[in-house]
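Okay, so here's the structure we're looking at.
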Amino acid sequence: FTIWDEARARFERDRVTHEHLKLLAQSPDDPLRLLLDEFGWKRLVITLSQSLAQRWKMRAALQESADTLGSAYRHLYESVAQAYQSHKEINAALDFEDLEERALSLLEDVRVRSKLQDRFRHVLVDEYQDVSHPQHELVHKLHSSGSNRLIVVGDPRQSIYRFRGADFSCFQNTREQ
């Protein structure tokens, strides 16, 4: 398989989103029409593509949206997300979020997690103020209070990667533990 870097993944997300919306626009249903009227074509493509880049965050946000616009967006997002997933499968490709999701999935297996926790005496993460929730979860699954030490380094004043999903609360929560 191929691992797409961020630039390639962004290009593919944009392309799949645009093509999928064009296909849906040929027989527009009420939800798509509602979203096109609200966002406009270009903004809707950009918004959906960016949403695909942070799938973990979108899943939680979309579960909370109950209004008509939120429901329409959730339906359209799920449709575009499935098209993007199919596109990756056809191309035997993974993006960065896929790698995070697969690593987290592997660590659900107690035997795998224990083996890795025993293998590393120290888990050291630099620039921890810039980790996302999946990365935070990955670090904490690798860390075991009994078999290894967790050391994180970060500066709250230098958190600059919110645009790609970094969440400073991960740093604060780890610091409080």
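The first residue of the sequence shown is numbered 1, and numbering continues consecutively from there.
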Looking at [atom1] of [X] and [atom2] of [Y], how far apart are the two atoms once the value is rounded to the nearest 0.5 Å?
X      : Y      : atom1 : atom2 : value
Arg149 : Arg121 : CZ    : CZ    : 10.0 Å
Ser132 : Glu137 : OG    : CD    : 10.0 Å
Leu138 : His133 : CG    : NE2   : 14.5 Å

Q: Give the C-alpha distance, both sets of side-chain angles, the deciding distance and a yes or no for side chain to side chain contact (heavy atoms under 4.5 Å, CB included) between Thr174 and Leu150.
A: CA-CA 10 Å; Thr174 300; Leu150 174 62; 4.1 Å; yes

(Q) Using the ring pair (Phe, Tyr, Trp, His ring centres under 6.0 Å) criterion, which residues pair with His20? Sequence neighbours excluded. (A) none

Q. Got a sec, which residues hit ring pair (Phe, Tyr, Trp, His ring centres under 6.0 Å) with His136, two or more places apart in sequence or on another chain?
A. His140

Under 4.5 Å between side-chain heavy atoms, counting indirect links through other Ile/Leu/Val/Met/Phe/Trp/Tyr residues: same cluster for [X] and [Y] or not?
X      : Y      : result
Phe39  : Ile46  : no
Leu24  : Leu52  : yes
Phe96  : Leu104 : no
Leu116 : Leu99  : no

Q: Verify whether one side chain among Gln129 and Glu127 offers a donor that lies under 3.5 Å from an acceptor in the other.
A: yes

Q: Using atom types as modelled and distance alone, determine if a side-chain donor or acceptor of Asn91 lies under 3.5 Å from a backbone N or O of Ala93.
A: no

Q | All side-chain contact (heavy atoms from CB on, under 4.5 Å) counterparts of Asp155, not counting sequence neighbours | A | Arg157, Gln158

Do you know the tightest heavy-atom contact between [X] and [Y]?
X      : Y      : result
Tyr77  : Leu48  : CA-CD2, 3.8 Å
Val80  : Val16  : O-CG1, 4.5 Å
Thr17  : Val45  : CG2-O, 3.6 Å
Gln117 : Leu142 : CG-O, 3.1 Å

(Q) The test is side chain to side chain contact (heavy atoms under 4.5 Å, CB included); show your working for Val125 and Gln135 and say whether it passes. (A) CA-CA 10 Å; Val125 184; Gln135 293 163 348; over 6 Å; no

**Q.** Val152 side chain near Val131 side chain, heavy-atom distance below 4.5 Å
**A.** no

Q) Other than Val110, what residues sit in its cluster of Ile, Leu, Val, Met, Phe, Trp and Tyr side chains whose heavy atoms are under 4.5 Å apart, directly or through others? A) none

Q. For Ile151, which fellow cluster members are found when Ile, Leu, Val, Met, Phe, Trp and Tyr are connected by side-chain heavy-atom distances below 4.5 angstrom, either directly or through intermediates?
A. Leu124, Val153

**Q.** Where at least one partner belongs to residues 97-129, residue pairs that pass ring pair (Phe, Tyr, Trp, His ring centres under 6.0 Å), sequence neighbours excluded
**A.** none

Q | With Lys88 via side chain to side chain donor-acceptor pair (under 3.5 Å) - residues at least two apart | A | Gln85, Asp98

Q.
Applying side chain to side chain donor-acceptor pair (under 3.5 Å) as the test, list every pair that has at least one member in residues 105-115; sequence neighbours left out.
A. Glu108-Lys141, Asp109-Arg111

Q | side chain to side chain donor-acceptor pair (under 3.5 Å) contacts touching residues 1-14 (sequence neighbours left out) | A | Glu6-Arg13, Arg8-Glu12, Glu12-Arg15, Glu12-His87, Asp14-Ser49

